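Shown next, in structure tokens, is the structure this report addresses.
Please read these numbers as outputs of a predicted model, since none were measured by experiment. Atoms within a ligand are numbered from 1 in the order they appear, just like the ligands themselves.
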Amino acid sequence: MEQRLPEVVMPDCPVNKLLMGQKAIVTGANSGIGRAVAIALGHAGADVVVNYVVNAEEADAVCLEIERCGSRSLAIQADVSSEEQVLSMFSRAVETFGTIDILVNNAGIQRDAPFEEMTLEQWRQVIEVNLTGQFLCAREAIREFKRRGVNSKVSCAAGKIICMSSVHEIVPWAGHVNYAASKGGVMLMMKSIAQEVAPYRIRVNSIGPGAIRTPINRPAWETEAAYDKLMKLVPYKRIGEPEDIARAAVWLASDEADYINGTTLFIDGGMTLYPGFTENG
Ligand code: BGC
């Protein structure tokens, strides 16, 4: 069994509120990475739309946690792969909060299968949520950012988008071809949007998480044997926690990161360092 390090604990209701006065939408925010990001943005001073598809009670709990530190929140049910639902989510968000400064394009799914057994439905579901969903939300966010322009009272940028990608935007993944293809697509979509809208002071970046302890990859960490096997892929020898991603998302969305544009920040304990080469090659 690998050595277990102490849990990562975030400061409660931090006083240094990096995102004070900003308005954010986090998709897929009822669980996993999205949940932690929504809470961290809220605790950093942003008002947050907590988007979800199912499990309204989970979304409500995230809202309560955001409001506990003084920010406003609003749970909105919308399937990001539906154009109509995305449009209505953005108009409700703007009606309620006045504008949107930050989009965290987080919603994502896996539908794994050996390649020759992968159904068209499994392929489509993953591409539609992970890639088309990010496109639809990013487009609405960019429209709002351009409409409003820079409001220097809240941020020196007109808007920020963070796409939740994966190490699998660069690491091929057998048995998960639909997922890797969607994240590879997110990488060049993010960079192309960033290039196009940079002159409007809009920043578009990705976070590429490695193995993070969330429901999406439960089988990879829930037993001791699975955890030990997973650690062979992680030089830093611990699984990531959703808060590892959340802290970075707050910073990347803030003016502290103002000159960062069109980049993927990998947060993976070194998973992208080709750990197989440690004693080989
Ligand atoms: C996937 C997880 C996986 C991780 C590292 C993520 O993008 O969603 O299931 O554990 O990549 O392979």
Side-chain angles (χ1 to χ4, degrees), residues 2 4 8 26-38 51-55 80-81 104-115 118 122-134 162-190 205-249 252 263-278:
E2 298 285 347
R4 297 274 171 100
V8 181
V26 182
T27 64
N30 56 299
S31 78
I33 290 175
R35 173 182 183 279
V37 169
N51 160 257
Y52 68 99
V53 185
V54 285
N55 297 328
V80 294
S81 68
V104 182
N105 243 340
N106 169 79
I109 56 169
Q110 282 182 219
R111 297 288 181 266
D112 310 326
F115 186 63
M118 186 171 285
Q122 287 171 320
W123 170 267
R124 277 193 180 137
Q125 278 181 352
V126 169
I127 298 295
E128 277 172 17
V129 174
N130 296 11
L131 186 56
T132 308
Q134 291 212 16
I162 298 175
C163 298
M164 207 51 75
S165 184
S166 166
V167 292
H168 299 298
E169 72 170 42
I170 53 167
V171 178
W173 204 14
H176 310 258
V177 170
N178 47 0
Y179 185 84
S182 73
K183 297 301 185 180
V186 164
M187 175 176 67
L188 274 177
M189 180 185 73
M190 176 278 287
N205 292 287
S206 289
I207 289 178
I212 310 298
R213 193 196 308 272
T214 71
I216 208 173
N217 60 357
R218 186 179 294 280
W221 52 262
E222 73 179 343
T223 67
E224 231 169 81
Y227 188 89
D228 289 347
K229 191 166 163 230
L230 181 64
M231 286 308 106
K232 292 197 170 51
L233 295 175
V234 185
Y236 205 59
K237 300 298 173 212
R238 75 165 171 85
I239 193 167
E241 303 297 340
E243 290 73 19
D244 286 310
I245 306 301
R247 276 190 299 273
L252 196 52
T263 292
T264 298
L265 175 59
F266 289 105
I267 304 178
D268 65 353
M271 190 177 241
T272 38
L273 298 175
Y274 297 97
F277 277 81
T278 308

### Summary
Counting from 1 in the order shown, the ligand 1 atoms closer than 4.0 Å to a non-hydrogen atom of Ser166 are 6 (C), 7 (O), 11 (O)
### Query
Which atoms form the tightest heavy-atom contact between Asn130 and Ser182, and what is the distance?
ND2-OG, 3.2 Å
### Task
Please confirm whether the backbone N or O of Val167 pairs with a side-chain atom of Lys183, one donor and one acceptor, at under 3.5 Å?
no
### Query
If you round to the nearest 0.5 Å, how far is CD1 of Ile245 from CD1 of Ile33?
5.0 Å
### Summary
Result for side-chain hydrogen bond (donor to acceptor under 3.5 Å, both in side chains) between Arg111 and one of Gln122, Gln125, His176 points to Gln125
#### Entry: Test item, Gly210 contacting ligand 1 (heavy atom, 4.0 angstrom)
yes
#### Entry: Proximity winner for atom 3 (C) of ligand 1, if only heavy atoms of Tyr179, Trp173, Trp221 are counted
Trp173
### Task
Heavy-atom contacts with Ile216 under 4.0 Å: which atoms of ligand 1 show up? List them by number with element.
8 (O)
### Atom pair OG1/CG of Thr272 and Leu233 - distance to nearest 0.5 Å
11.5 Å
### Query
Given that the side chain starts at C-beta and the backbone is N, CA, C, O, which of these parts of Met271 lies under 4.0 Å from ligand 1, counting heavy atoms, or is it both or neither?
side chain
### Query
Starting from atom 12 (O) of ligand 1, which protein heavy atom do you reach first, and at what distance in Å?
His168 NE2, 2.7 Å
### Message
As a quick check of understanding, evaluate side chain to side chain contact (heavy atoms under 4.5 Å, CB included) for Gln134 and Val80, giving each step before the final call.
### Response
CA-CA 7 Å; Gln134 291 212 16; Val80 294; over 6 Å; no
### Message
As an exercise, identify every atom of ligand 1 less than 4.0 angstrom from a heavy atom of Gln110.
### Response
1 (C), 2 (C), 8 (O), 9 (O)
### Query
Any idea which protein heavy atom is nearest atom 10 (O) of ligand 1, and the distance to it?
Asn217 ND2, 3.3 Å
